[in-house]
Amino acid sequence: MTVRPARMDLRGVAGEDLDVTAAVHHVQAGGLLAYPTETVYGFGGACTADGVSALGRLKVRRPGQPFLALVPSADFVSALGWTDEARELASVFWPGALTLVLKDPVGMFPPGIRSEDDTVAVRVSPHPVVRALVGSGHMAITSTSANAPGQPPATTGDEASAVAQELGARGTVLVMDVGTLPPSGPSTIVDCTGFSARVLRAGTVPVDRLRCALPEIRDDSYA
């Protein structure tokens with residue numbers, strides 16, 4: 001018998017007052033989610049050692065490839081190593097498709113989110129489902145694209161459910177289905193851990209827009 005991932009149908013529902021209690025409880029109990037973001041559907045779970053291990057098993061993640069974290073706000077991760085440049089970028093582009101790489105000097109996040117050089121990648125998503133989820137649970141969640149190795153990320157709830165089933169998730173993944181997401185590029189990634197901020201991956205937020213806030217930002221995305 002084939003066991004399909006569970007589904008939370010949120011199609012046609014909008015706003016920041018979404019009832020995502022079941023999804024919060026699922027994550028807190030160690031389960032994983034497939035959820036919509038401002039770019040594509042992602043897989044994620046609790047930002048704990050067990051949550052990272054569960055997500056790593058699902059995605060067959062190689063060591064040294066940490067997951068990023070979606071957080072409720074910059075204040076939620078105030079213990080991270082915020083530079084003046086990082087604060088400026090967050091104030092302008094968050095919530096939004098901008099991922100910031102910051103130092104984690106106090107070990108706020110476990111290995112698998114925190115890299116071997118003690119950095120983490122964090123973002124405040126503008127998508128109402130993610131905002132309701134992390135806000136209701138007062139938590140961060142891990143994030144990686146919902147796709148099988150070598151395949152494009154899911155852009156519909158049906159695709160995310162099919163990928164979860166293909167990867168053997170069975171009942172451990174709850175799919176938060178909002179239907180089809182509009183076409184979008186990936187988030188832009190900026191490293192703010194060095195002497196000056198530098199773009200690691202060009203994405204939805206163009207480098208030209210970043211330079212409106214930080215004229216001296218380096219573009220290493222094609223290096």
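Model, not experiment: these values are computed from the prediction.
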> Can any side-chain N or O of T142 pair as donor or acceptor with the backbone N or O of G44 at less than 3.5 Å?
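Between the backbone of G44 and the side chain of T142 there is no qualifying donor-acceptor contact (under 3.5 Å).
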
> If I compare all heavy atoms of K103 with all of T193, which pair ends up nearest, and what's the gap?
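Scanning both residues completely, I find the closest heavy atoms to be N-CG2, 3.7 Å.
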
> E88 versus L214: any side-chain heavy-atom pair under 4.5 Å?
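In short, these two side chains touch, coming nearer than 4.5 Å.
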
> Could you give the distance from CG (D220) to CG (D191), rounded to the nearest 0.5 Å?
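If I round to the nearest 0.5 Å, the distance is 9.0 Å.
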
> If the condition is salt bridge (Lys or Arg N to Asp or Glu O under 4.0 Å), which residues does R114 pass it with, not counting sequence neighbours?
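Counting only residues at least two positions away or on another chain, R114 forms a salt bridge (Lys or Arg N to Asp or Glu O under 4.0 Å) with D118.
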
> Could you tell me which non-hydrogen atom of T188 sits nearest to which non-hydrogen atom of G203, and how far apart they are?
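That would be OG1-N, 3.0 Å.
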
> For residues 146-157, which residue pairs qualify under side chain to side chain donor-acceptor pair (under 3.5 Å), counting only residues two or more places apart or in two chains?
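Checked against side chain to side chain donor-acceptor pair (under 3.5 Å) - neighbours excluded - the pairs reaching residues 146-157 are K59-N147, S145-N147, T155-E159.
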
> Check for a donor-acceptor pair, side chain of H26 on one end and backbone N or O of T172 on the other, with a separation under 3.5 Å.
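Yes.
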
> Checking the side chain of S161 only, and the main-chain atoms of G157 only, is there a donor and an acceptor separated by less than 3.5 Å?
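Flag not set: sc S161 to bb G157 has no pair under 3.5 Å.
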
> Given Y35, which of V178, V20, V130, L174 fulfils the side-chain contact (heavy atoms from CB on, under 4.5 Å) condition?
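Of the listed options, the one satisfying the test is V130.
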
> Inspect the contact between R131 and E38 and indicate whether a charged nitrogen and a carboxylate oxygen are less than 4.0 angstrom apart.
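No, E38 and R131 are not salt-bridged.
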
> Can you check whether S187's main-chain N or O pairs, donor with acceptor, with R201's side chain at less than 3.5 Å?
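Side chain of R201 to backbone of S187, a donor-acceptor pair under 3.5 Å: yes, one is there.
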
> Test side chain to side chain donor-acceptor pair (under 3.5 Å) on D50 and T48; report intermediate values, then the result.
CA-CA 5 Å; D50 288 344; T48 62; 5.6 Å; no

> So do the side chains of L33 and F43 get within less than 4.5 Å of each other, counting heavy atoms only?
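A side-chain contact under 4.5 Å is absent here.
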
> Hydrophobic clusters join Ile, Leu, Val, Met, Phe, Trp and Tyr when side-chain heavy atoms are under 4.5 Å apart, directly or via other members; which others share one with L200?
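Once heavy-atom contacts under 4.5 Å are chained together, L200 belongs with V101, I189.
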
> Working note: D177 + M8, criterion side chain to side chain contact (heavy atoms under 4.5 Å, CB included); need CA distance, chi angles, decisive distance, verdict.
CA-CA 6 Å; D177 186 359; M8 176 183 286; over 6 Å; no

> Keeping the roles fixed (side chain from S136, backbone from L133), state whether a donor-acceptor pair exists under 3.5 Å.
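Flag not set: sc S136 to bb L133 has no pair under 3.5 Å.
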
> Taking side chain to side chain contact (heavy atoms under 4.5 Å, CB included) as the definition, give me every residue that meets it alongside S53, ordered by chain and number, with sequence neighbours left out.
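For S53, the residues satisfying side chain to side chain contact (heavy atoms under 4.5 Å, CB included) (neighbours in sequence not counted) are R57.
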
> Take F76 and M108 through the side chain to side chain contact (heavy atoms under 4.5 Å, CB included) test and state the conclusion after the steps.
CA-CA 11 Å; F76 185 86; M108 181 176 183; 4.2 Å; yes

> How long is the gap from CZ on R87 to CG on L100, to the nearest 0.5 Å?
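Between atom CZ of R87 and atom CG of L100 there are 12.0 Å.
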
> When hydrophobic residues are tied together by side-chain contacts of less than 4.5 Å, even through go-betweens, does V124 share a cluster with V40?
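Different clusters.
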
> Run through L89, V92, D219 and flag the one making a side-chain contact (heavy atoms from CB on, under 4.5 Å) with L210.
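The option that passes is L89.
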
> Going by the rule side chain to side chain contact (heavy atoms under 4.5 Å, CB included), which residues pair with V122 if we only count those two or more places apart in sequence or in a different chain?
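With sequence neighbours excluded, V122 shows a side chain to side chain contact (heavy atoms under 4.5 Å, CB included) to A69, V71, L80, W94, L102, F109, V120, given in chain and number order.
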
> Considering only heavy atoms from C-beta outward, does the side chain of T144 approach that of L55 to under 4.5 Å?
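When only atoms from C-beta onward are counted, L55 and T144 do touch, with a gap below 4.5 Å.
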
> Which atoms form the tightest heavy-atom contact between P36 and Y41, and what is the distance?
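Heavy-atom minimum between the residues: N-CD2, 3.7 Å.
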
> Considering all heavy atoms of both residues, which atom of P66 and which atom of S115 are nearest to each other, and what is their separation?
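Heavy atoms only, the tightest pair is CG-CB, 4.0 Å.
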
> State, to 0.1 Å, how close G185 and T39 come at their nearest heavy-atom pair, and which atoms those are.
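Looks like O-CG2, 3.1 Å.
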
> Which residues pass the side chain to side chain contact (heavy atoms under 4.5 Å, CB included) test with D75, sequence neighbours left out?
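For D75, the residues satisfying side chain to side chain contact (heavy atoms under 4.5 Å, CB included) (neighbours in sequence not counted) are S73.
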
> Can you see which heavy atom on F93 is nearest to which on A213, and at what distance?
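Nearest heavy atoms, F93 then A213: CE1-CB, 4.1 Å.
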
> To the nearest 0.5 Å, how far apart are OG in S125 and CG in L70?
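The distance works out to 6.0 Å.
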
